[in-house]
Amino acid sequence: MPELPEVETTLRGISAHVLNSPISRINIRNAQLRWPVPADLASHLLNQSITQVRRRAKYLLLSTDTGTLIIHLGMSGSLRIVTPGIAYDKHDHVELCFANGKAMRLKDPRRFGAVLWTSDPAEEHPLLNHLGPEPLSDAFNADYLYPLSRKKNVAVKQFIMNSKIVVGIGNIYANEALFASGIHPQRAAGKISRQRYENLCIKCKQILEQAIAQGGTTLKDFVGGTGQPGYFKQELQVYGRSGQPCMQCSKPLKEVRLGNRSTVYCTHCQK
DNA sequence: CAGCGCCCCTGCCCGC
DNA sequence: TGCGGGCAGGGGCGCT
């Protein structure tokens, strides 16, 4: 999936095309996602314009004057801007057509994504109201992270992948940030110094920003809003490189499973 | 209540 | 070439 950089890339790709143009038609081709796509979407959106597009965690928030369309891309979702009428892909679920002649299609083969509507401020939605800070915000720093980590036995990788602690850091970038920080992914969160957390925060930001600059990471099928793949894959130091030589010390990278997610690290460079 | 699996689903890759 | 098994970028939820 789309981790934060891929969602941010999608946001930037779709924004200009979907903003401030009345929605002329909505096609729900397959309502089955993580939750059913609301059948009454059209009643909220038809003839309305999207006045704001933003991201919170990995949620895309498209707001009109009366509410917000919440979109999550799950593991395999992508949004594309197309010309209405071109052939649908097999797993195109939802299409919004705009008066400007563009259409936005959500495709999600694995259906772990979501399309929801809320008439309340989106941040108050139950899926969003408990979320931790954005990793690229100033609020994400050692002053915040270090005290939270005290007495926590959970592995640091799981700690930074917990959206109540900080949002948007998924499996790829958790692996990468820990490698860049020289921190062993299985180290207990509570046993890491303030200084190392400071470094970890900086590395998280650097890696996420670098990935955004490259249009995200395309492993298999991710495309940004205008159909382009991301090029950060070639920058990956550890993710997907189990058994291959460490880029720093050449020792073979090790892989373990942590919280059911593949975890790759260097036994020599990460302590 | 923190923490841990399970599970939702399709597709792809690997080994036999 | 076909098929079964395992695994994949997320995260809500139920159970202990």
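Naming: A, B, ... by sequence-line order, numbering from 1 per chain. All of these numbers come straight from a predicted model, not from anything done at the bench.
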Could you state the [atom1]-[atom2] distance from [X] to [N], rounded to the nearest angstrom?
X        : N      : atom1 : atom2 : answer
A:Met161 : C:dA8  : CE    : P     : 11 Å
A:His125 : C:dG11 : NE2   : P     : 15 Å
A:Glu6   : C:dG11 : CD    : P     : 12 Å
A:Phe159 : B:dA2  : CZ    : C1'   : 13 Å
A:Arg261 : B:dC6  : CZ    : C1'   : 13 Å
A:Met75  : C:dG11 : CE    : C1'   : 10 Å
A:Lys107 : B:dT10 : NZ    : P     : 15 Å
A:Leu258 : B:dG5  : CG    : P     : 10 Å

Check which hydrophobic residues are tied to [X] through side-chain heavy-atom contacts below 4.5 Å, counting indirect links as well, and list them.
X        : value
A:Tyr59  : A:Trp35, A:Leu61, A:Ile70, A:Leu116, A:Leu127, A:Leu128, A:Leu131, A:Val167
A:Phe179 : A:Val238, A:Leu253, A:Val264
A:Ile202 : none

Cut-off 3.5 Å, side chains only: do [X] and [Y] have a donor facing an acceptor?
X        : Y        : answer
A:Ser76  : A:Asp108 : yes
A:Thr83  : A:Lys102 : no
A:Ser193 : A:Gln195 : no
A:Lys271 : A:His184 : no
A:Thr68  : A:Ser63  : yes
A:Tyr173 : A:Thr217 : yes

Nucleotide-resolved protein contact map, nucleotides 11-16 of chain B, B/S/- at heavy-atom distance under 4.0 Å = SS----
Run the salt bridge (Lys or Arg N to Asp or Glu O under 4.0 Å) test against [X] and tell me which residues pass, sequence neighbours left out.
X        : result
A:Lys107 : A:Asp89
A:Glu134 : A:Arg55, A:Arg56
A:Arg25  : none

Watson-Crick and G-U pairing of DNA chain B, under 3.5 Å, as dot-bracket with | and [ ] = .|||||||.|||||||
Set out, line by line, the N/O atom pairs under 3.5 Å between protein and nucleotides 12-16 of chain C.
{"residue": "C:dG12", "atom": "OP1", "partner": "A:Tyr59", "partner atom": "OH", "Å": "2.9"}
{"residue": "C:dG12", "atom": "O4'", "partner": "A:Arg34", "partner atom": "NH1", "Å": "3.1"}

Which whole number of Å gives the distance between the [atom1] atom of [N] and that of [M]?
N      : M      : atom1 : result
C:dC7  : B:dG5  : P     : 15 Å
B:dG11 : C:dG12 : C1'   : 23 Å
C:dG11 : B:dC12 : P     : 23 Å

Under 4.0 Å between a side-chain N/O of A:Lys152 and OP1 or OP2 of B:dA2, yes or no?
-> no
At under 4.0 Å, does any side-chain N or O of A:Arg257 touch on OP1 or OP2 of C:dA8?
-> yes
So salt bridge (Lys or Arg N to Asp or Glu O under 4.0 Å) across residues 242-268 of chain A, not counting sequence neighbours, yields none
Restricting to pairs with a member in residues 173-198 of chain A, which pass salt bridge (Lys or Arg N to Asp or Glu O under 4.0 Å), not counting sequence neighbours?
-> A:Asp143-A:Arg194
Cluster overlap A:Met161 with A:Leu236, hydrophobic side-chain contacts below 4.5 Å |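 Cluster IDs for A:Met161 and A:Leu236 differ.
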Along DNA chain C (nearest heavy atom to each residue), the more 5'-positioned of A:Asn260 and A:Gly168 = A:Asn260
Ignoring the backbone of A:Phe112, work out which of C:dA8, C:dG11, B:dC9 is nearest its side chain.
->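 When the side chain of A:Phe112 is considered, B:dC9 is the closest of C:dA8, C:dG11, B:dC9.
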When you measure from every atom of DNA chain C, which of residues 199-211 of chain A have a heavy atom less than 4.0 Å away?
-> none
For A:Tyr239, answer base if it contacts any base atom (sugar-phosphate contacts may also be present), sugar-phosphate if it contacts only those atoms, and nothing otherwise; contact means non-hydrogen atoms under 4.0 Å.
-> sugar-phosphate
Considering heavy-atom distances to DNA chain B, does A:Lys164 or A:Gly259 have its closest nucleotide positioned more toward the 5' end?
->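 Whichever sits nearer the 5' end wins; that is A:Lys164.
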